Amino acid sequence: TGYYGDGLNAIIVFAACFLPDSSQTDYNYVMENLFLYVISTLELMVAEDYMIVYLNGATPRRRMPGLGWLKKCYQMIDRRLRKNLKSFIIVHPSWFIRTILAVTRPFISSKFSSKIQYVHTLAELREMIPMEYIQIPESIVKYDEEKCIKRRMRTSCLSNDPGITSVEQ
């Protein structure tokens, strides 16, 4: 958790790589209690505007929350919390996450949908929010570095090809 702006508005950081493995026998129980903990924490912390940064990188599919759980979370979040959410930033969005959000978009409010932003690197995130108060897990930093190295290699390989004049990112 960190803060931004003059009013010290909350930045809630949620790292999916630390979620429980869906193969656990008590998975539903753990996820239910995790949700209740997150909501009660948000209600205590959030008096004003806030943003959520969802760190998706370095998360195996079996640790990503399911569609049912996400839907339940959205439905149970108090109107005040939904209203005060200024942006929901998804860092390192996977194909799975983008698909889930595309499929659910008709079922969630357009106001909420407009708050969702995809950020592909930690450098992009740094341009959007102050990072000095935010703790990024080491596994996410390593994932970001590896992804950037692969992108640079791909770009340099393509730029060495005389038939290619530009690279779309």
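As a basis for the values below, the full set of heavy atoms in this structure was taken, side chains included, without hydrogen atoms, waters or symmetry mates. Note that the structure is a prediction, hence the values are computed from the model and not measured.
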Show me, pair by pair, the donor-acceptor contacts under 3.5 angstrom made by side chains of residues 54-62, not counting sequence neighbours?
{"residue": "N56", "atom": "ND2", "partner": "H92", "partner atom": "O", "Å": "3.1"}
{"residue": "N56", "atom": "ND2", "partner": "S94", "partner atom": "OG", "Å": "3.4"}
{"residue": "T59", "atom": "OG1", "partner": "C17", "partner atom": "N", "Å": "3.1"}
{"residue": "T59", "atom": "OG1", "partner": "N56", "partner atom": "O", "Å": "2.8"}
{"residue": "T59", "atom": "OG1", "partner": "G57", "partner atom": "O", "Å": "3.3"}
{"residue": "R62", "atom": "NE", "partner": "D21", "partner atom": "OD2", "Å": "2.6"}

Test side chain to side chain contact (heavy atoms under 4.5 Å, CB included) applied to E124 - qualifying residues, sequence neighbours left out: V119, H120, T121
Worked verdict on I89 versus I52 for side-chain contact (heavy atoms from CB on, under 4.5 Å): CA-CA 6 Å; I89 301 169; I52 295 176; over 6 Å; no
Qualifying residues under side chain to side chain contact (heavy atoms under 4.5 Å, CB included), relative to N28, sequence neighbours excluded: none
V38 side chain near I12 side chain, heavy-atom distance below 4.5 Å: no
Heavy-atom closest pair, residues L81 and E43: CD1-CG, 3.8 Å
V53 and F88, any side-chain heavy atoms less than 4.5 Å apart: no
Set of residues satisfying salt bridge (Lys or Arg N to Asp or Glu O under 4.0 Å) with respect to E32, sequence neighbours excluded: K72
R98 side chain near Y118 side chain, heavy-atom distance below 4.5 Å: yes
D26: salt bridge (Lys or Arg N to Asp or Glu O under 4.0 Å) partners, not counting sequence neighbours: none
Check: S22 main-chain N/O paired with R63 side-chain donor or acceptor under 3.5 Å: no
N/O donor-acceptor pairs under 3.5 Å from side chains in residues 99-109, not counting sequence neighbours:
{"residue": "T99", "atom": "OG1", "partner": "W95", "partner atom": "O", "Å": "2.8"}
{"residue": "T104", "atom": "OG1", "partner": "I100", "partner atom": "O", "Å": "2.9"}
{"residue": "T104", "atom": "OG1", "partner": "L101", "partner atom": "O", "Å": "3.3"}
{"residue": "S109", "atom": "OG", "partner": "F112", "partner atom": "N", "Å": "3.0"}

Straight-line distance of I39 CD1 to L36 CG, nearest 0.5 Å: 8.0 Å
Nearest heavy-atom neighbours spanning F18 and P137: CE1-CG, 3.5 Å
Within-4.5 Å side-chain heavy-atom neighbours: V30 and Q24: yes
Residue F96 excluded, over 12 heavy atoms near CZ under 6.0 Å: yes
Contact check, side chains of Q117 and M128, non-hydrogen atoms, under 4.5 Å: yes
